[in-house]
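Here the structure comes first, spelled out in structure tokens, and everything after it is commentary.
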Amino acid sequence: MENSDLARFFTEIADLLEIKGADNFRIRSYRNAALSIEGHPESLRGLFESGGEKALTGIHGIGESIRAKVIEAITTGSCGYLEELKKELPAGVLDLLRVSGVGPKKAGLFFKELGIKGIDDLEAAAMAGLLKTLHGMGPVTEARILKSIQTIRTSTGKFKLSVAMQYADAFVTYLKRVPGVERVEPVGSLRRWKETVGDIDLLVISDDHLPVTSAFVAHPDVREVLAKGETRSSVILKTGLQVDIRVMEEKNFGAAFIYFTGSKAHNVELRERARRMGLKVNEYGVFDSDEKLVAGASEEDLYRALGLPLIIPELREGRGEIEAAVAGRLPRVVETSDIKGDLHVHTNESDGGDSLSEMAEAAIKLGYEYIAVTDHSKAVGVAHGLDEKRVVAQICAIEAYNERLKRRGVGFTVLKGAEVDIRADGTLDHPDSVLERLDCIVAAVHSGFQMKRDVMTGRIVKALETGRVNILAHPTGRLINERDGYEVDIEAVMEAAKKTGTALELNSYPDRLDLNDIHCLMAREKGILVAISTDAHSVSHYGNIRFGIHTAARGWLERKDVLNARPIKKLMEILKKG
DNA sequence: GCCGTTTTCGGCCCGACTGTTTTCAGTCG
């Protein structure tokens, strides 16, 4: 029962209440609670187990009633109130909300009038022409629902950030060529660097919306036009990805930029704050009680009008950033220029594509001070992992290479490292005699993903307790949109990392981003160093560091929290573990 | 159901688009 599970509980309660037609403010409370819990940096289960009910007070959006339900869910694994609601409305009714154009009101109507209990029922009813007989429904809506069901059946769901960015870039270029367009900016979760995005949002600045809208819906990749209005249009591409544009004028740019960047939770908090100050915020600007425009041209203006400093997009998730801004406690998050090197790099000795010198030269060009060459160990056979003999040979090659750099007068160091496999029993895949000769030991799980949670946790903790490991790589093993991470008690792993002076990796590979943003928040709270690494398998992968850096920013990490933001001397001290 | 620079009670974020309506409810972001 982790935070994400609890959040899902309350979202389900809110959805069910909405279908039932309950009080809107009560529904909102459950949604707020879900948002608050999902973004909470500490595990509520962990808090409760160590500090009891008292440890759960003071969390925004969680009052007496919801706190009781949280505790019930933590201790029993279920929630009586949710079960009661589910008795009234079958679980499949919730699925109806996934159909675009179907909200709680229609879902409730369909269930009540036609006994529709799921998407299959809905499809059958639409095909039979039953939906259009209901009040407020017509043939257009019925056809649209059928189409949405098709979309759901064929869609792949959320897109990885790196993939969505490519589509977004193409649209930005396309729209910039439309006459009258002054600028085009990706907004939404893309601008916040969320690891997956459901759709692409673009803000277009132009005084004339007509040519923009016409060009947009006429794009050759468009499969379907969902909406086409004066300021907002929406399409679905042949790939299944949805793209929304908002056309605004320059004078509203700042307000629109903030509004469409979101997140929704952040916007709601901004508007609530404005209300308390006697102001109103919408996508056009900040207005006083006489409806007079107070600010709106730039993001800085708008935040300033609300008595706040600029909050960067990565922090706009409704995770306490506004409170922090008021208190002057906003983090100065880690930036590209802070990164001094890369501590997880492969060469063609294992499964990389480029040689030691090629990887090093490319890193020098990036302005780095160091890289750690961390090829796989022998257990990872598919990756042509190195045995002891080959590691020793590589150590010699690196020493010789460093000598050559020194003679050339280049201030750059290749660290002798390894990505050592953590075997099923928690032992490391290189003998101590080899490990002793390495500067940077990165350890990782590469097999046995199906282990039970406590076994996996014990396996990793045992590896860390050898005292040999400098960095635990891709700590959860997840691959975005492909496989969940292995079952592991990440808090216990973090405690072990803290105790043994081990850093945790934020693997920047766009398929991994592991640690994720929430885990970064947890690491920050616990005072554990994070290594933002690329796991580069060729020189072209170094660029992926940006995904890691922005994910770290989403996790509020500052320069001081990042191991490879340390210059070489300081880094070596830490790697030697005191 | 939550919360407090307007409040322990009485409020609770804002606007665009669509389809089915004769003035607006529902959905979406």
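Below, chains carry the letters A, B, ... as their sequence lines are ordered, and counting in each starts from 1. Because the structure is a prediction, the values reported are computed rather than measured.
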**Item:** Between dT6(B) and dC12(B) - C1' atom distance, rounded Å
**Value:** 13 Å
**Item:** Same-atom distance (P) from dA16(B) to dT23(B), integer angstrom
**Value:** 22 Å
**Prompt:** In whole Å, what separates the C1' atom of dT20(B) from that of dA25(B)?
**Reply:** 9 Å
**Request:** Check side-chain contact (heavy atoms from CB on, under 4.5 Å) between Glu49(A) and all other residues, then give those that pass, not counting sequence neighbours.
**Result:** Arg45(A)
**Message:** Suppose we screen for side chain to side chain donor-acceptor pair (under 3.5 Å). Which residues come up paired with Glu224(A), at least two apart in sequence or across chains?
**Reply:** none
**dT21(B) and dT27(B), which share atom name P, separated by this distance in whole Å** = 15 Å
**Prompt:** Relative to each other, are the rings of Tyr174(A) and His219(A) parallel, tilted or perpendicular (30° and 60° limits)?
**Reply:** perpendicular
**Message:** Below 30° counts as parallel, above 60° as perpendicular, anything between as tilted: where do the rings of Tyr30(A) and Phe10(A) land?
**Reply:** parallel
I'd like a list of close polar pairs between nucleotides 15-19 of chain B and the protein, N/O only, cut-off under 3.5 Å.
{"residue": "dG15(B)", "atom": "OP1", "partner": "Lys280(A)", "partner atom": "NZ", "Å": "3.1"}
{"residue": "dG15(B)", "atom": "OP1", "partner": "Asn282(A)", "partner atom": "ND2", "Å": "3.1"}
{"residue": "dA16(B)", "atom": "OP1", "partner": "Tyr284(A)", "partner atom": "OH", "Å": "3.1"}
{"residue": "dA16(B)", "atom": "O3'", "partner": "Thr231(A)", "partner atom": "OG1", "Å": "3.2"}
{"residue": "dC17(B)", "atom": "OP1", "partner": "Glu230(A)", "partner atom": "N", "Å": "2.8"}
{"residue": "dC17(B)", "atom": "OP1", "partner": "Thr231(A)", "partner atom": "N", "Å": "2.9"}
{"residue": "dC17(B)", "atom": "OP1", "partner": "Arg232(A)", "partner atom": "N", "Å": "3.1"}
{"residue": "dT18(B)", "atom": "OP1", "partner": "Lys228(A)", "partner atom": "N", "Å": "2.8"}
{"residue": "dG19(B)", "atom": "O3'", "partner": "Thr141(A)", "partner atom": "OG1", "Å": "3.0"}

**Request:** Using the closest heavy atom to pick a nucleotide of DNA chain B for each, name whichever of Lys105(A) or Leu279(A) lands nearer the 5' end.
**Result:** Leu279(A)
**Prompt:** Looking at residues at least two apart in the chain, or sitting in another chain, which of them share a side chain to side chain donor-acceptor pair (under 3.5 Å) with Glu283(A)?
**Reply:** Arg246(A)
**Prompt:** Tell me the side chain to side chain donor-acceptor pair (under 3.5 Å) pairs involving residues 122-136 of chain A, sequence neighbours left out?
**Reply:** Glu123(A)-Gln150(A), Glu123(A)-Arg153(A), Lys132(A)-Glu142(A)
**Message:** Considering every strand and a 4.0 Å limit on heavy-atom distances, what is the contact class for Asp23(A): base, sugar-phosphate, or nothing?
**Reply:** base
**Asked** Contact class for Ile62(A) vs. all strands (heavy atom < 4.0 Å): base, sugar-phosphate, or nothing?
**Response** sugar-phosphate
Listed pairs, N/O of protein and of nucleotides 6-11 of chain B, under 3.5 Å:
{"residue": "dT6(B)", "atom": "OP1", "partner": "Arg276(A)", "partner atom": "O", "Å": "3.0"}

**Prompt:** Heavy atoms under 4.0 Å, any strand shown: does Lys264(A) hit a base, just sugar-phosphate, or nothing?
**Reply:** base
